[in-house]
Amino acid sequence: MTRPPRWRRLPLRVRLVAGFATAMLIVLTAAGAFVYLRVRYALDLRLNEDLTAQAGQLATSVAHGGPPTVTPGTAYQLVDTTNHVVAASSGLTGSSLLSTGQAAAARAHPLRADRGPLFPIRANTLRLYAVPLHTTGPAVVGVVAVRRDQRDEALRELIGQLALANLAALAVASLVGYRLTRAALAPVERYRTEAARIAGGATGLRLAVPERTDDEITRLGQTLNQMLAALESALDRERRLVHDASHELRTPLTLIHTEIELALRRPRSTAELEQTLRNVAADADRLRALADTLLTVGVQPPPAPGESADLAALTDEVAARYPDTRTEHHEPAVAPGDGDRLRQVLTNLLDNATRHGQPPVTVTTGRAGTAVYLRVHDRGPGIDPGFLDQATARFTRADTARTTPGTGLGLAVVDAIVAAHRGQLRLCSNGIHRRADNGTGFPVACEHPANGTTISVLLPAEPPPTEPGTTNHGSAAGGLGEGAAGAPPGDGRGDDAETAADRARQSPQHRHD
C-alpha cells in the first residue's frame, strides 16, 4: 500500500494554515511587486525626462559650433566613431561610458543605459542617455549622465519596507487563519470525542449541535445524530430479534434434546425409536420453518422490474384452501410485484383470520384511484386496541392468542413484504384504525364493516394500457404514482380520498358482508 505524502499526514489544521499562508504570501508578493514597479517607473520617468532635455541641449549646442552646454549637475561625453572621448565634463575625461556595442547602437538611434546595479550598493551609479550628433566634427555621439543615488536609495528603502510590511501582514494573517481554523474545527473535534465515547459503549448519547446556526458543521452534526439514532434503533431491533429468536428457537431445540435423552436413557424397541425420530423430525421441521420465517422478515428486496400480480387471481387461488371464506372482486386489481410473496401475504392474513377470528371470512380486491387494495375481514371479537400499534412487531402475540399455535411472525412478514412493494398495511378493528409506519401512505379511505377485524393491503396499481394517441392522466383520487404515493395520511389530500371513496360506494359492484 502506497503511503501518502508527508504533507498529507500532517494535521488538517496545519495543512489549512499552511495553504492559507502560502496563498497570502503569493498575494502579498504580487502586490509588493506591483507597488515596486509603479514607484520605479515614476522615478525612472523623471530621470529620463531630465536626460532627454539635457541631451537635446547638448546636441543643439554642438550643432551650432559652440561649446557643449548642459545644466549644472549633469555630466556629458562626446565620443567619436572609435568610442574615444573627444570632450567631456569634469571627472569623465577618461574612458567612454559606453561599451563598443552601445556606441555603435547610439550612432543610429538614441540609447538609454544604466551603469552600476541596484544591488549591491556601489558608488557612482549612473543613468546614461546617448544620442547621435549631426555635425562635421570628430564627435558623432553625445552622452549625458546623472547620478542614480537618490533613485536607487529610494527603491532599496521601498523594497525593505515592503518586505517588512508583507512579513508582518503574513504573520498576522497566519495567526488569524490559525485561530479561525481552530474555531471552525473545534466542533469537529468535539464530535470526534463524543463519537469515541459512543463507540466505547456509551448509549443514549448525541452530538452537541448548536441550535441557532445553520452552517456546514451544524448540518454535519445533525446528520450524524440522525445516523446515530438510526443505528441505535437498528441495534435495538437486532437485539430484540436475537433475544426473541433465541427464546423461540430454544423450545424446539429443548424438545429435540429431551427426545434424544429419553431415547438413550434405556433400551428402546424399534417402534419406540421410530416414534422418537418422527418427533425429532417434526421439531426439526418447526425449527427450519421458524428460521425461514426469520430470514423472510429480515430480508425483503423490492420486486424485480416488470413483475406484476393479479390480486383477484391470487385471492381465488389461496382462498380455495380455506373453508367459510368468500371473495369479492371489484375493478381489476393488478399491482407491480412478486406473485409468490403476495401469495404469502394473503396466506398469512387468512391464517390469522381463520385462527383468531370467526367465519365468514371475506377477501375483497379492487382499485381506488392509482392504488389497488386487498382486504381480509372476519367477524371475530377483534384485536385489543392496545395491541394494534405493536401487532406487526416480531414475536408479538395478543394475550388472547397465546393459547393458539403460532410464533407471532405472521403480520411481521406481511408488513415486511408490503413495505418492500412500496405499499401500506392497515389494521382496523371495531372502528379503530392503525396504519403500519413504513414511510408510505395512500389517500384512500377505509371501506369495511365497523365490527370485526379488517386488514387491508394497499399497493401501487399497475398503470392501465393507454390507447395510441391518448395520454393517461390518472384519476382525481390518484397521484399515488408521484405526488401522493409517498404522502402521509392526513396531509391535506382528504378531499381527493373522500371523492374516490364516494365513487367506490356508488359503484354497483361494490359490496360488503
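No hydrogens, no waters, no symmetry mates; every other heavy atom, side chains included, goes into these values. Note that the coordinates shown come from a computational prediction; the quantities given were computed from them, not determined experimentally. In what follows, residues are counted from 1 in the order of the sequence shown.
Taking the side chain as every heavy atom from C-beta outward, Tyr178 and Leu16 never approach each other to under 4.5 Å. The shortest distance between side-chain heavy atoms of Arg127 and Arg151 falls below 4.5 Å. A heavy-atom distance below 4.5 Å is found between the side chains of Pro117 and Arg122. Side-chain contact between Leu98 and Asn83: present, with at least one pair of heavy atoms (C-beta onward) separated by less than 4.5 Å. Here the side chains of Ile217 and Tyr191 are in contact, with some heavy-atom distance below 4.5 Å. At least one side-chain heavy atom of Tyr36 sits under 4.5 Å from a side-chain heavy atom of Ile159. Side-chain contact between Ser456 and Tyr373: absent, with no pair of heavy atoms (C-beta onward) separated by less than 4.5 Å. Residues Arg341 and Val345 form no side-chain contact, since every pair of their non-hydrogen atoms from C-beta on lies 4.5 Å or further apart.
A donor-acceptor pair is defined here as one N or O able to donate and one able to accept, closer than 3.5 Å; such a pair exists between the side chain of Gln77 and the backbone of Ser95. A donor-acceptor contact shorter than 3.5 Å is absent between the side chain of Asp415 and the backbone of Leu411. Formation of a donor-acceptor pair under 3.5 Å by the Asn225 side chain with backbone atoms of Leu207 is found in this model. Judged by distance alone, the side chain of Gln222 and the main-chain N or O of Val209 form no donor-acceptor pair under 3.5 Å. Of the possible polar contacts, none joining the Asn348 side chain to the Val414 backbone as a donor-acceptor pair under 3.5 Å is found. Remark: side-chain polar atoms of Thr74 are not paired, donor with acceptor, to backbone N or O of Val70 under 3.5 angstrom. With hydrogens and angles disregarded, a donor-acceptor distance shorter than 3.5 Å links the side chain of Arg367 to the backbone of Gly369. Side-chain atoms of Thr193 come within 3.5 Å of backbone atoms of Glu189 as a donor-acceptor pair (strictly under, hydrogens ignored). A donor-acceptor contact shorter than 3.5 Å links the side chain of His84 to the backbone of Thr82. Side-chain atoms of Gln102 come within 3.5 Å of backbone atoms of Ser99 as a donor-acceptor pair (strictly under, hydrogens ignored).
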| Where do Leu78 and Val62 land on the side-chain contact (heavy atoms from CB on, under 4.5 Å) test, with the steps shown first? | CA-CA 10 Å; Leu78 300 178; Val62 172; 4.1 Å; yes

| field | side-chain contact (heavy atoms from CB on, under 4.5 Å) between Val14 and Val17, intermediate numbers included | value | CA-CA 5 Å; Val14 175; Val17 173; 5.9 Å; no

| task | List the steps and the verdict of side-chain contact (heavy atoms from CB on, under 4.5 Å) for Leu459 and Val457. | result | CA-CA 7 Å; Leu459 300 172; Val457 174; 4.0 Å; yes

| request: Report the C-alpha distance between Arg112 and Thr52 in whole Å, list the side-chain angles of each, state the deciding distance to 0.1 Å, and finish with yes or no for side-chain hydrogen bond (donor to acceptor under 3.5 Å, both in side chains). | output: CA-CA 10 Å; Arg112 299 185 191 278; Thr52 300; 3.1 Å; yes

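A donor atom on one side chain and an acceptor atom on the other are found under 3.5 Å apart for Gln161 and Glu157. Residues Arg426 and Gln424 bring a donor and an acceptor atom of their side chains to less than 3.5 Å of each other. Judged purely by distance below 3.5 Å, without hydrogens or angles, the side chains of Arg115 and Asn124 never pair a donor atom with an acceptor atom.
With respect to the salt-bridge test (charged N to carboxylate O, under 4.0 angstrom), the residues Asp338 and Arg343 do not qualify. Of the charged side-chain nitrogens involved, at least one lies within less than 4.0 Å of a carboxylate oxygen, so that Glu153 and Arg156 count as a salt-bridged pair.
Note that CZ of Arg182 is 10.5 Å distant from CG of Leu180, once rounded to the nearest 0.5 Å. Atom CG in Leu175 sits 11.0 Å away from atom CG in Leu170 (nearest 0.5 Å). A distance of 5.5 Å separates CZ of Arg206 from CG of Leu228, quoted to the nearest 0.5 Å. To the nearest 0.5 angstrom, Leu43 atom CG is 5.5 Å from Leu155 atom CG. Atom CG of Leu374 and atom CG of Leu311 lie 6.0 Å apart (nearest 0.5 Å). Asp340 CG to Glu307 CD: the interatomic distance, rounded to the nearest 0.5 Å, is 8.5 Å.
Shortest non-hydrogen contact noted between Gly366 and Ala333 is O-CB, 3.5 Å. Here the closest non-hydrogen pair linking Leu126 and Arg148 is O-NH1, 2.9 Å. Residue Arg107 comes nearest to Val140 through the heavy atom pair CD-CG2, 3.8 Å, listed as atom of the first residue, atom of the second, then distance. The heavy-atom pair separating Ala106 from Val141 by the smallest distance is CB-CG1, 3.9 Å. Annotation for Val85 and Gly94: closest pair CG2-O, 3.2 Å, computed over non-hydrogen atoms. Smallest separation of non-hydrogen atoms from Gly32 and Leu162: O-CD1, 3.4 Å.
Within a 6.0 Å sphere centred on CZ of Phe119, heavy atoms belonging to other residues, nucleotides or ligands number more than 12. For Arg219, the CZ atom sits in a packed shell: over 12 heavy atoms of surrounding residues, nucleotides or ligands are nearer than 6.0 Å.
When each of Thr69, Val144, Val131 is paired with Leu58, the side-chain contact (heavy atoms from CB on, under 4.5 Å) condition holds for Val144 and for no other.
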